[in-house]
Visitor: 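Okay, handing you the structure first.
All values below were derived from every heavy atom in this structure, side-chain atoms included, with hydrogens, water molecules and symmetry-related copies excluded. All chains are named by letter (A, B, ...) in the order of the sequence lines, taking the proteins before the strands, and each is independently numbered beginning at 1.
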Amino acid sequence: MSAILNPVAAVLIVPLAAAFVLVLIPGYRVAAWINVAAAFLTFAAALALLVWRPAAPSRLLLVDDLNIVFIVLNTLVGFTTSVFSSGYIAHELEIGNLKPAHLRFYHAMYQILMGAMNLALLTSITGLMWVAIELATLTTILMVGIYRTHEALEAAWKYFILGSVGIALALFGTILVYSVAQPVVGNGLPAMTWSTLAAHAARFDPTILNIAFVFLLLGYGTKAGLVPLHAWLPDAHAEGPTPISAVLSGLLLNVAIYAILRFKIVLAHNPATIAPGPLMMALGLLSVVFAALMLYRRRDIKRFFAYSSIEHMGIVAFAFGLGGPLANFAGLLHMAMHSLTKSGIFFAVGHITRIKNTQKIGAITGLTTSHPVLGWIFVASVVAIAGLPPFGVFTSEFLVVSSAFAHRPLLAVLLVVGLLVSLGALFLRLNSIAFGEPSGDTSPDRMSALPMVFHLGLVLMIGIFIPGPIVSWFQHVAGLLG
Amino acid sequence: MSTFAFDVSHFLAGSLVLLSFFLLYQDRLPPLINIFAAQSLVLAVSIAWQAQTQNAPHLLVTAGIALCFKSIVIPFVLYRLIRDLRIHRTVETVVGIGPTMIAGMALVGLSMALMMRATSGIADLAREDLAFSLSVILLGLLMMVTRRNAVSQVIGFMSIENGLVLAATGAKGMPFVVEMSVAFSVLIALIVIGIFLFRIRERFDTVDVAILDRFRGERP
């Protein structure tokens with residue numbers, strides 16, 4: 001198959017090419033359409049990967065059952081967010097928050113971000129994955145600072161400082177993994193390739209591998225927003241453009257988790273190393289409990305949901321740390337459900353803050369009265385993220401909790417307490433936002449509700465019935481994770 | 001590898017750690033930039049030496065980048081920047097030089113103890129390089145958390161990067177070292193100098209990030 005028709009190449013080249021085109025296009029309407037079209041093409045290419053895999057493995061790229069879950073999810077949310085973004089930025093331009101020059105930059109950065117995340121997921125080289133995640137982080141730093149307000153600059157600076165610390169730790173871990181593999185595998189590329197690393201891991205020095213994993217967990221854990229390395233996350237979510245909050249929560253955090261999982265697989269092949277599970281469980285549980293308590297004191301609606309993202313990343317890290325087929329399955333499912341639900345919530349929050357012209361929770365009331373459609377979608381989304389039936393998040397949280405009770409009952413109790421505490425906070429805020437006397441601007445919502453409804457529909461479908469092929473596919477991946 | 005070649009690389013890596021200590025207590029910006037330039041120069045020599053002993057000519061590119069970009073261009077730009085911003089005379093209040101130095105020594109001790117004990121499985125030179133580079137990285141992190149000035153924090157970040165490049169070049173035959181150093185340099189130039197500092201200046205008439213901290217996102 002020629003290079004142009006090759007979906008693996010398309011997933012990487014389409015965003016890159018689109019970024020070049022978008023830099024050159026002055027009109028924002030055309031640019032927004034190109035952005036949507038490019039995101040859709042990338043998604044289509046990712047779907048093609050489901051049925052067509054490269055026959056011979058290439059040196060730099062890899063498609064296996066694990067990363068394809070992430071790629072499809074990544075490109076799907078990337079596409080729906082680009083649809084949401086086209087409505088959002090039109091409004092930002094109207095009220096003068098952004099200038100046309102900013103938008104050229106914004107669209108190009110959006111595509112570079114998508115391309116970098118896809119590269120991080122597709123590459124088979126540890127070093128290249130690091131470069132891609134670093135690139136993705138830097139583009140989001142620039143986008144967080146795009147409004148140039150005091151708060152946006154502070155958020156971007158904080159993100160830059162903490163992000164670079166994470167980046168440095170992760171690179172040091174990557175170099176350590178290379179140094180430990182080099183005496184066994186030999187010089188050059190094989191010592192950085194996932195498959196070779198996993199195949200020869202049993203003969204690596206376990207002590208260095210342990211140290212390397214700690215660096216990698218802390219480094220990429222910073223990117224995933226795990227407590228105590230989460231400080232950048234709420235600011236970055238609150239001060240950047242809302243589509244970027246959706247992409248950050250829904251996608252970039254997943255990519256960081258994916259990086260940790262890949263290294264966890266390598267460690268799993270060496271019986272003499274420490275089990276990475278307890279470390280991940282500890283960080284995960286800490287994130288759940290801490291974020292649940294922090295939810296009560298939040299007054300800014302985007303910051304509120306950013307803390308909720310920390311909590312859910314904690315659940316995902318906990319599930320993967322627990323290990324075993326059921327917990328891994330639950331972790332994967334929860335990650336997918338959280339991505340879809342949380343980005344949907346950020347779309348809704350984008351609509352709400354646009355109409356009410358404020359991010360303060362106290363200033364937003366009676367949404368179901370003034371904007372029934374938006375209000376009820378928001379209510380349903382918050383019910384979903386709180387982990388209540390009939391939505392998919394309930395299914396995955398239920399699986400995490402039940403497998404936790406089977407293996408670590410004490411930790412499971414802590415987890416459940418964290419979940420209930422956050423449930424209380426979510427309903428407390430939901431009550432004041434959605435019901436009561438409407439406040440502020442009650443002009444109708446002019447943006448399309450389609451992306452939100454689509455995400456909510458998917459989550460609802462998974463909550464009621466998970467199609468057989470998806471179950472067996474996720475089960476297979478869960479088996480790979482050990 | 002001959003004892004002499006080993007001693008030279010050892011000496012160069014040790015000098016990097018020493019220069020990191022100089023960075024830690026320097027409270028004025030011009031000397032801070034000079035020391036950073038000196039550290040990058042030593043790094044360039046060290047990489048060139050590695051290229052020689054490992055027989056890896058591509059590392060000379062990395063050495064060239066460290067020499068031209070980090071020890072000449074960046075310091076020059078930073079000098080212009082602090083002159084234009086009129087902050088070249090300001091004395092930065094570094095929080096407790098004594099405790100910071102002791103913390104720095106503790107970090108170096110920690111990284112030596114950790115890496116030298118753990119890395120018996122890998123080649124000799126790589127061991128020392130990893131221990132020294134971890135020290136440089138940790139000292140850079142310490143500098144970033146103890147400083148309030150955006151320029152000093154950026155210098156701290158770049159010294160962390162020096163430590164990472166040292167580790168990467170010490171690992172024999174590691175691919176993508178050149179690409180990684182190019183990417184790092186371009187991104188540093190792009191992000192840090194081009195965007196943040198000018199915007200911070202434009203908004204606040206200062207590059208002291210302590211001022212930024214007042215704008216806590218969580219307003220009642």
Side-chain angles (χ1 to χ4, degrees), chain A residues 125-128 130-131 134-135 138 141-142 145 148-158 160-161 164-165 167-169 171-172 174-176 178-180 182-184 186-192 204-211 215 234-235 238-239 297-300 302-303 359-360 362, chain B residues 54 56 114-115 117-123 126-127 129-130 133-134 137-138 140-141 144-145 150 153-154 156-157 160-161 163-165 167-168 170-177 179-180 183-184 187-188 190-192 195-196 199-200 202-204 209 211-220:
Chain A
I125 309 289
T126 56
L128 212 55
W130 178 84
V131 171
E134 141 123 45
L135 183 64
L138 287 165
I141 290 173
L142 290 174
R148 290 171 162 225
T149 58
H150 298 145
E151 293 82 3
L153 280 175
E154 187 202 345
W157 186 257
K158 208 176 195 177
F160 168 67
I161 296 291
S164 55
V165 169
I167 282 169
L169 296 179
L171 179 58
F172 192 70
T174 309
I175 295 171
L176 271 180
Y178 174 80
S179 327
V180 76
Q182 183 253 337
V184 177
N187 285 351
L189 220 48
M192 292 189 109
F204 295 168
D205 185 299
T207 325
I208 314 175
L209 213 50
N210 288 343
I211 298 176
F215 276 102
D235 297 73
E239 307 306 341
R297 296 199 47 201
R298 302 280 77 86
R299 299 190 183 92
D300 180 308
K302 283 166 87 178
R303 203 170 282 266
Q359 289 182 204
K360 285 182 193 147
Chain B
Q54 285 182 20
L114 185 72
M115 297 313 293
R117 185 163 308 169
T119 55
S120 50
I122 51 183
R127 289 176 70 192
D129 259 353
L130 283 176
S133 58
L134 182 59
I137 292 167
L138 292 178
L141 289 177
M144 280 178 94
V145 295
Q153 285 189 338
V154 168
F157 177 61
I160 292 179
E161 192 223 327
L164 289 169
V165 173
K172 200 162 180 295
M174 181 159 152
F176 294 115
V177 173
E179 288 82 348
M180 233 137 60
F184 246 141
L187 292 169
I188 284 179
L190 195 82
I191 299 273
V192 176
I195 302 180
F196 278 106
R199 283 192 183 178
I200 288 174
E202 183 184 300
R203 289 282 159 182
F204 308 110
V209 288
I211 311 285
L212 286 182
D213 286 347
R214 275 191 222 144
F215 302 108
R216 279 258 165 256
E218 206 62 37
R219 295 161 309 264

Visitor: Under a 4.5 Å heavy-atom cut-off, does chain A meet the side chain of B:Met174, its backbone, both or neither?
Guide: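 Looking at B:Met174, backbone and side chain both touch chain A.
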
Visitor: Report which part of A:Ala191 has an atom under 4.5 Å of a heavy atom belonging to chain B: side chain, backbone, both, or neither.
Guide: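 A:Ala191 has no heavy atom closer than 4.5 Å to chain B.
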
Visitor: CD1 of A:Ile175 to CD1 of B:Ile137: how many Å apart, nearest 0.5 Å?
Guide: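 Spacing of CD1 (A:Ile175) from CD1 (B:Ile137) equals 7.0 Å.
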
Visitor: Working to the nearest 0.5 Å, report the span between CG of B:Leu134 and CZ of A:Phe215.
Guide: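 Going from CG on B:Leu134 over to CZ on A:Phe215, the span is 4.5 Å.
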
Visitor: What part of A:Val131 lies closer than 4.5 angstrom to a heavy atom of chain B: side chain, backbone, both or neither?
Guide: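 Side chain only.
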
Visitor: Starting at CD1 of B:Ile160, measure out to OG of A:Ser164 and round the result to the nearest 0.5 Å.
Guide: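 Nearest 0.5 Å value for the CD1-OG distance: 6.0 Å.
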
Visitor: Taking side chain as everything from C-beta outward and backbone as N, CA, C, O, which of these in A:Ile211 sits under 4.5 Å from a heavy atom of chain B? Side chain, backbone, both or neither.
Guide: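 It is the side chain, since no backbone atom gets that close.
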
Visitor: Quick one: OG on B:Ser133 to CG on A:Leu171, what's the gap to the nearest 0.5 Å?
Guide: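 Reported to 0.5 Å precision, the distance equals 10.0 Å.
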
Visitor: Sort A:Tyr178 into side chain, backbone, both or neither according to what part of it lies under 4.5 angstrom from a heavy atom of chain B.
Guide: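 For A:Tyr178, the side chain is the part near chain B, not the backbone.
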
Visitor: Within a strict 4.5 Å, meaning less than it, do heavy atoms of the B:Gln153 and A:Trp157 side chains meet?
Guide: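 Yes; the side chains approach each other to less than 4.5 Å.
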
